[in-house]
Undergrad: 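So that we are looking at the same thing, I have put the structure below in structure tokens.
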Amino acid sequence: MSQLLPSELIRTLDKNGKEIKSVGFLRFGFDSEIPIDIIRSLYLRPHYVVSASETQPHGKDVTEEALSSLGPNAYQPKTIYYPDTHAISYTTLSRFPPVKLLSPSVRKRILVTGGAGFVGSHLVDRLMLLGHDVTVLDNFFTGSKTTVNHWVGHPNFELVRHDIVEPFIIECDQIYHLACPASPPHYQIDAVKTLKTSFIGTLNMLGLAKRTKARFLITSTSEVYGDPEVHPQHEDYWGHVNPIGPRACYDEGKRVAETLTYGFQNQDGVEVRVARIFNTYGPRMNPADGRVVSNFIVQALRGEDITVYGDGTQTRSFQYIHDLVDGLIALMNSNESRPVNIGNGDEFTIGEFAELVREIVEKVQQEDGVTPARRVEIVHKPIPTDDPKRRRPDTTRAKECLEWQPRWTVRMGLEEMVRYYKAKMAEGSL
């Protein structure tokens, strides 16, 4: 468990068959490009870097030449795992990953609410590697310190435990407002709290943007379209939402958050951006959040049957996390103030997707020399209330206004995510 996964196992080709060597781009005067191996080094590895048998004697220094030869491996915590007792000895980073050195005129002060969550942590990684000053606000209801702890102590980074329902004062240039539980098991636990986060939390962050004259981006959701009667969904579609159903606290919460956002734009001149995010998957997804991708992968890796709710004919489109981060950064730095769908137009039935997950898990297990006791089956259970039957974005606006479109195929993103969860299981943290 002491090394990164072999690079030949994670060679990634985009939809055109071209190898993906970096994420991001230079667009709208903002350079967001980072080599993919640097990004991967922050998540696609076992959490525990060395076992007790591999530790070096205390006091033995590592030379700069040795660090250089290690590449991204050099910037990992030297945490020690004791497999006999299933114990762990934590350390801090001996060295942070290298970040771009920006002049004060270029470096931005960026606030990310919900920055310790799944999407937020990947956005924080990118912004940090790009050399900006990043402050993360999170109450850790669904987020985790472990997603960003590799930046704690860095002079460009600050992590603050804070619930955005309460006001927060800071000076900043950009605000990425991501804070809100996004999966049904989490946002349905306390529907009133979810609504307060969507409305009062957004009100507080918009008030901060107004005072500091910061540009404000809110991550809305495809759930604002409800169970759509238009397919694919374009930004001018008003939606088909049950206002009192079990998903209403999230759906209507995001709808009113958009209303509030444009109220501040029209009344107070706040620069706003609205991203309507469609289904996204990738490393650091909480395996207990009830989402279809993480559910299927974890069940298959554990040798459990994959559970499909309904007959499997309902459709979804899935985008990989790096494509989403590219889209968010492009939208923030563009001049587009209308809502923008950010998602992948490749549509799967849930039944087809379950088959694909099973196939990729079997491929990874075969490459790693693992022989499962039996083949995982696909079983069906009753479909939940108000579960949308079709969901696919019309991304014409993003292509035309942001020059953005997804690069990652679903298959390549799934393979990387399977390897992430498999490593987590091997270390006993999943």
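Numbers for residues simply follow the sequence, beginning at 1.
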Undergrad: Given 3.5 Å as the limit, does a donor-acceptor pair link the side chain of S317 with the main chain of G345, or not?
TA: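 Checked: no pair found.
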Undergrad: Quick one: does any side-chain atom of R358 pair with a main-chain N or O of V376 as donor and acceptor, under 3.5 Å?
TA: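 Side chain of R358 to backbone of V376, a donor-acceptor pair under 3.5 Å: yes, one is there.
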Undergrad: With a 4.5 Å heavy-atom cut-off, do R411 and L356 have their side chains touching?
TA: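 SC-SC contact between R411 and L356 confirmed.
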Undergrad: Do T261 and L206 come close enough that some side-chain heavy atom pair is under 4.5 Å?
TA: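 Yes, their side chains come closer than 4.5 Å.
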Undergrad: Could you check whether the rings of F278 and Y225 sit parallel, tilted or perpendicular, using 30° and 60° as the cut-offs?
TA: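 If you compare the ring of F278 with that of Y225, the planes turn out tilted.
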Undergrad: Salt bridge or not for R391 and E223, using N-O below 4.0 Å?
TA: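 Salt bridge between R391 and E223, a charged N being under 4.0 Å from a carboxylate O: yes.
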Undergrad: Between E171 and R211, is there a salt bridge with N-O shorter than 4.0 Å?
TA: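 Answer for the salt bridge query: yes.
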Undergrad: Could you walk me through whether S121 and R284 pass the side chain to side chain donor-acceptor pair (under 3.5 Å) check?
TA: CA-CA 8 Å; S121 64; R284 298 184 187 145; 3.1 Å; yes
Undergrad: Tell me, do V361 and Y421 make a side-chain contact under 4.5 Å, heavy atoms counted?
TA: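 No - every pair of side-chain heavy atoms lies 4.5 Å or more apart.
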Undergrad: Does T142 use its side chain to pair, donor to acceptor, with the backbone of P181 at less than 3.5 Å?
TA: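 Looks like no, no N/O pair under 3.5 Å.
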Undergrad: Give a yes or no on whether the backbone of I39 and the side-chain of D125 come within a donor-acceptor separation of less than 3.5 Å.
TA: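 Side chain of D125 to backbone of I39: no pair is present.
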Undergrad: Hey, does the side chain of E33 reach the backbone of S22 with a donor-acceptor pair shorter than 3.5 angstrom?
TA: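 No; judged by distance alone, with no hydrogens or angles, the pair does not exist.
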Undergrad: Any idea how Y43 and Y420 line up, ring-wise: parallel (<30°), tilted (30 to 60°), or perpendicular (>60°)?
TA: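 Perpendicular.
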Undergrad: Should K363 and E415 count as an ion pair when the cut-off is N to O under 4.0 Å?
TA: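 Salt bridge flag = yes for E415 with K363.
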Undergrad: Quickly, which of I164, L217, T219 forms a side chain to side chain contact (heavy atoms under 4.5 Å, CB included) with H177? Name it, please.
TA: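 Single pass found, and it is I164.
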Undergrad: So that I can tick it off, tell me whether R407 and D323 are bridged by a salt bridge, with the cut-off set at under 4.0 angstrom between side-chain N and carboxylate O.
TA: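 No, D323 and R407 are not salt-bridged.
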Undergrad: Of L127, T135, V148, L137, which is the lone residue that meets side chain to side chain contact (heavy atoms under 4.5 Å, CB included) with V112?
TA: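 One option only clears the test, and that one is L127.
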Undergrad: Has the side chain of R27 got a donor or acceptor atom that lies under 3.5 Å from a matching backbone atom of A330?
TA: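 No.
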Undergrad: Please confirm whether the backbone N or O of G226 pairs with a side-chain atom of H240, one donor and one acceptor, at under 3.5 Å?
TA: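 Answer holds: no.
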Undergrad: Keeping T221 on the side-chain end and R276 on the backbone end, is there a donor-acceptor pair under 3.5 Å?
TA: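 No, the answer is negative, given that no donor and acceptor are paired below the 3.5 Å cut-off.
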Undergrad: With a cut-off of 6.0 Å (strictly less than), are more than 12 heavy atoms of other residues, nucleotides or ligands near CG of L101?
TA: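 Counting neighbours around CG of L101, 12 or fewer heavy atoms of other residues, nucleotides or ligands fall under 6.0 Å, so no.
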Undergrad: Could you check whether any side-chain N or O of D394 sits under 3.5 Å from a backbone N or O of T396, counting only pairs where one atom can act as donor and the other as acceptor?
TA: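 Such a contact is found between D394 side chain and T396 backbone.
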Undergrad: Counting only heavy atoms not in E304, do more than 12 fall under 6.0 Å of its CD?
TA: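 For E304, atom CD is crowded (more than 12 foreign heavy atoms under 6.0 Å).
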Undergrad: Does anything in residues 400-419 form a ring pair (Phe, Tyr, Trp, His ring centres under 6.0 Å)? List the pairs, not counting sequence neighbours.
TA: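 Ring pair (Phe, Tyr, Trp, His ring centres under 6.0 Å) check on residues 400-419 returns Y320-W408, H322-W408.
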Undergrad: Of all residues at least two apart in sequence or in a different chain, which pass the ring pair (Phe, Tyr, Trp, His ring centres under 6.0 Å) check with F264?
TA: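 So F264 forms no ring pair (Phe, Tyr, Trp, His ring centres under 6.0 Å) with any residue.
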Undergrad: Please work out which of the three classes, parallel, tilted or perpendicular, describes the rings of F318 and Y281, given edges at 30° and 60°.
TA: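 Aromatic pair Y281/F318 classed perpendicular.
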Undergrad: Salt bridge or not between R126 and D326? Use side-chain N to carboxylate O under 4.0 Å.
TA: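 Yes, R126 and D326 are salt-bridged.
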Undergrad: Can you name the closest pair of heavy atoms from C249 and L195 and give their distance?
TA: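 Looks like O-CD2, 3.4 Å.
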Undergrad: Does D173 pair with R107 as a salt bridge, N-O distance under 4.0 Å?
TA: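 Not counted as a salt bridge, because no side-chain N and carboxylate O are separated by less than 4.0 Å.
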Undergrad: Decide yes or no on salt bridge (Lys or Arg N to Asp or Glu O under 4.0 Å) for D236 and R397, but give the supporting numbers first.
TA: CA-CA 11 Å; D236 295 328; R397 183 174 293 175; 3.6 Å; yes
Undergrad: More than 12 heavy atoms of other residues, nucleotides or ligands under 6.0 Å from CD of E19: yes or no?
TA: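 Counting other residues, nucleotides and ligands, CD of E19 exceeds 12 neighbours.
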Undergrad: Just wondering, do Q319 and I277 contact through their side chains at under 4.5 Å, heavy atoms?
TA: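 Answer yes - side chains close enough.
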Undergrad: Can any side-chain N or O of R40 pair as donor or acceptor with the backbone N or O of E416 at less than 3.5 Å?
TA: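 Not at all, since once roles are kept as given, no pair shorter than 3.5 Å links the two residues.
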Undergrad: Side chains of T280 and F118, heavy atoms from C-beta outward: is any pair under 4.5 Å?
TA: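 Yes, at least one pair of side-chain atoms sits under 4.5 Å.
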Undergrad: Between the side chains of T307 and Q299, does any donor sit under 3.5 Å from an acceptor?
TA: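 Short answer, yes.
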Undergrad: Answer whether the closest heavy-atom distance between the side chains of V124 and I110 falls below 4.5 Å.
TA: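 Counting from C-beta outward, V124 and I110 never come under 4.5 Å.
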